[in-house]
Amino acid sequence: IQRGGTHNFLSCRGLFHTHHFIHITSLCPQTKTALALLYDDELENAYDVRLKLTKEVLTIQKQDVICVDGAHPSANHRTVTLHRQPVGGLGLSIKGGAEHGVPVVISKIFKDQAADHTGMLFIGDAVLQVNGINVESATHEEVVHLLRNAGDEVTITVEYLREAPSFLKLPLGSPGLSSDHSSRASSPLFDSGLHLNGHCSHTAPSSPSSPIADEPKYEKRWLDTLSVPLSMARISRYKGGIEKLRTSAFEVLALDGASSGVLQLYTAQDCADWLRAVSANISDLTLQQMKMANKCCSPCDQVVHMGWVNERLQGANTSHLFRPKFLALKGSSVYIFSTAPVSTLDWGRAECVYNLCEVLLKVHKFWLTDDYWLQANLYLGLQDFDFEDHRPYCFSVMAGHRKSHVFGVELASELAVWEKSFQRATFMEVQRTGSKTYMCSWQGEVLCFTVDFALGFTCFDGKTKNVLWRFKFSQLKGSSDDGNTRVKLLFQNPDTKQIEMKELEFQDLTAVLHCIHSFIAAKVASLDPVFMDSQSMTRRYMCSS
């Protein structure tokens, strides 16, 4: 269907399937764990975390050092005495410093050396004191100097930092940095190794440090710090404000607004796997919510599909900005919400409600590779749009009076589900409705125009109910409109085989054309569901990519 031109209603592909052949099924809930980084946008730091996914919750875990045996000391500080070894020194490396805006942190502990023997020091421990001297505001070189010149017995006080930037906990050494000492010391990535022979007052071997029996024992463990419920949650891969796609990262936002934070996986494949897994669990929980909602609804008012999408804002300065919306296909209508409906009353608080028979879906783009876009030239609307957004999985919903909404989703699988759900919901509504009648004018008379699933097109006098003409869907051979209110329908007379033109005028021509399209597509789907199924643009291009 084109606006202000000729129409080919039978060329519209991939829109409707019979509900006998389509079933929206959920993926099996997944459980998994993985190491990741929790990214802080403001500080531009990343922290080590572990993700734990269950059917209903995504849990963020952070490492901490806890006392597992012995008297629990006050606070979280540990005071440890190290005996410097002639070979191996203190047996640790440190990184960071006040000049870099980060604490001095133990970045490596060498096996079977002094620090390791204590059993009380861990990578990620921040050094607070050296022999009673506070070093929390000390530079890297100042702490190195204290530790190297503290004598054979060094007492340090430490505290494990759960949110220390991840690079501080990695023994990266100084690759790629200048060999100049001042240059190396100026980088928080530089490790100062205190596992070499240090400055000692004598050369006699000292006994290795060992834990005392009645001293508390410590272990580093992953502890739950945040749980994000997945029911009615949404996923975002985009950086807010500038709509920039994050690399190998995503964020999960709960229904109440709680956020997992930006979770960055170590590889693009890991990120893709986690996106699919979290999305599958959210979809399964959404399906459960739909089933519960449908128990309270009549058979003709069932929820077919619902979920979060991102709507592109309208306006010259907001063309690339999206905001989350909750979209639902329920009964005869398409609902658009700013927040998810969680009660029966919430369904009456939608921002927009459109009749399914008067709505068209257009799939926009597919991301085939990292560098190339494929424009899906499946033109199903009343006018074409020049979309320049950078979201790969977009579709638009076009309703009467030229109203349209552009939505984006995070995954190609989500786009496929929305396409299929619109097809199913619209066809079911066509079957339930059976016919739609619109007021129109023809040859100066006010008439009624009916689109009927069984009979096709009928024009009759609204007062006398006399039928003026009737044609089957198969007899519609073409059409065109003036881009405003008038449409010309070309029918083939079954007896004379001649083309008859019927010119009609409607107050909302957009809604009428959409309705004609819905009924014809539903008719084709009922006769040949396999053909209609084969025309799904989303699934075709998902396969090719």
Side-chain angles (χ1 to χ4, degrees), residues 63-165 167-171 185 188 190-202 205-221:
Q63 278 188 318
D64 204 350
V65 173
I66 62 172
C67 183
V68 295
D69 190 18
H72 200 293
S74 60
N76 294 318
H77 297 176
R78 282 165 280 129
T79 298
V80 183
T81 299
L82 298 171
H83 297 279
R84 194 187 307 272
Q85 297 177 335
V87 178
L90 298 179
L92 56 85
S93 291
I94 61 171
K95 191 182 292 184
E99 71 271 34
H100 310 296
V102 292
V104 172
V105 169
I106 296 176
S107 56
K108 189 168 185 179
I109 294 176
F110 295 86
K111 187 174 177 58
D112 295 328
Q113 295 188 20
D116 184 43
H117 287 157
T118 67
M120 295 179 64
L121 294 175
F122 301 87
I123 294 174
D125 279 339
V127 181
L128 306 180
Q129 293 183 7
V130 176
N131 284 347
I133 301 173
N134 188 294
V135 295
E136 292 182 67
S137 300
T139 66
H140 183 88
E141 283 301 308
E142 288 172 343
V143 177
V144 170
H145 179 78
L146 276 174
L147 289 171
R148 284 182 172 165
N149 295 279
D152 294 336
E153 189 173 274
V154 184
T155 300
I156 63 174
T157 300
V158 298
E159 178 183 16
Y160 187 78
L161 294 185
R162 292 194 300 176
E163 295 187 356
F167 66 80
L168 287 179
K169 301 180 183 180
L170 300 176
F190 174 65
D191 271 294
S192 289
L194 298 163
H195 58 287
L196 305 175
N197 293 342
H199 298 289
C200 302
S201 59
H202 60 80
S206 57
S207 302
S209 303
S210 59
I212 301 175
D214 59 352
E215 281 189 346
K217 295 180 181 179
Y218 295 86
E219 286 184 5
K220 185 187 287 187
R221 293 183 180 178

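All values below were derived from every heavy atom in this structure, side-chain atoms included, with hydrogens, water molecules and symmetry-related copies excluded. What you see is a predicted model; the values in this text were computed from it and never measured.
Closest non-hydrogen pair, Val104 versus Gly97, comes out as CG2-CA, 3.8 Å. The heavy-atom pair separating Val102 from Gly96 by the smallest distance is CG2-CA, 3.9 Å. Taking every heavy atom of both residues into account, Ala115 and Leu82 meet most closely at CA-CD2, 3.7 Å. Contact between Gly89 and Ala114 at its shortest, heavy atoms only, is O-CB, 3.8 Å. The minimum heavy-atom distance between Tyr218 and Phe122, with the atom names listed, is O-CZ, 3.5 Å. Summarising the geometry of Val135 relative to Val127, their closest heavy-atom pair is CG2-O, 3.4 Å, with the distance given to 0.1 Å.
Applying the salt bridge (Lys or Arg N to Asp or Glu O under 4.0 Å) test to pairs two or more places apart or on separate chains, those with a residue in residues 121-134 are Arg78-Asp125.
Applying the side chain to side chain donor-acceptor pair (under 3.5 Å) test to Gln129 and every residue at least two apart in sequence or in another chain returns nothing. Residues satisfying the side-chain contact (heavy atoms from CB on, under 4.5 Å) test with Asp112, not counting sequence neighbours, are Asp116, His117. Glu219 pairs by the side-chain contact (heavy atoms from CB on, under 4.5 Å) definition with Val68, Arg221, not counting sequence neighbours.
From Leu128, atom CG reaches atom CD of Glu136 across 4.5 Å, with rounding to the nearest 0.5 Å. Rounding to the nearest 0.5 Å gives a distance of 11.5 Å between CD of Glu159 and OG1 of Thr79. In this structure, Leu146 CG and Glu142 CD are separated by 8.0 Å, a value rounded to the nearest 0.5 Å. Rounded to the nearest 0.5 Å, atoms CE (Met120) and OG1 (Thr81) are 9.0 Å apart. We find the CD1-OG1 distance between Ile133 and Thr157 to be 11.5 Å, quoted to the nearest 0.5 Å. Note that CD1 of Ile106 is 4.5 Å distant from CG of Leu121, once rounded to the nearest 0.5 Å.
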Should Thr155 and Val80 be marked as a side chain to side chain contact (heavy atoms under 4.5 Å, CB included) after you check the CA-CA gap, both sets of side-chain angles, and the distance that decides it?
CA-CA 6 Å; Thr155 300; Val80 183; over 6 Å; no

Are Leu147 and Ile94 close enough, and set up right, to give a side chain to side chain contact (heavy atoms under 4.5 Å, CB included), and what steps lead you there?
CA-CA 10 Å; Leu147 289 171; Ile94 61 171; 4.2 Å; yes

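Lys220 is listed as a side-chain neighbour of Ile123, based on a closest heavy-atom distance under 4.5 Å.
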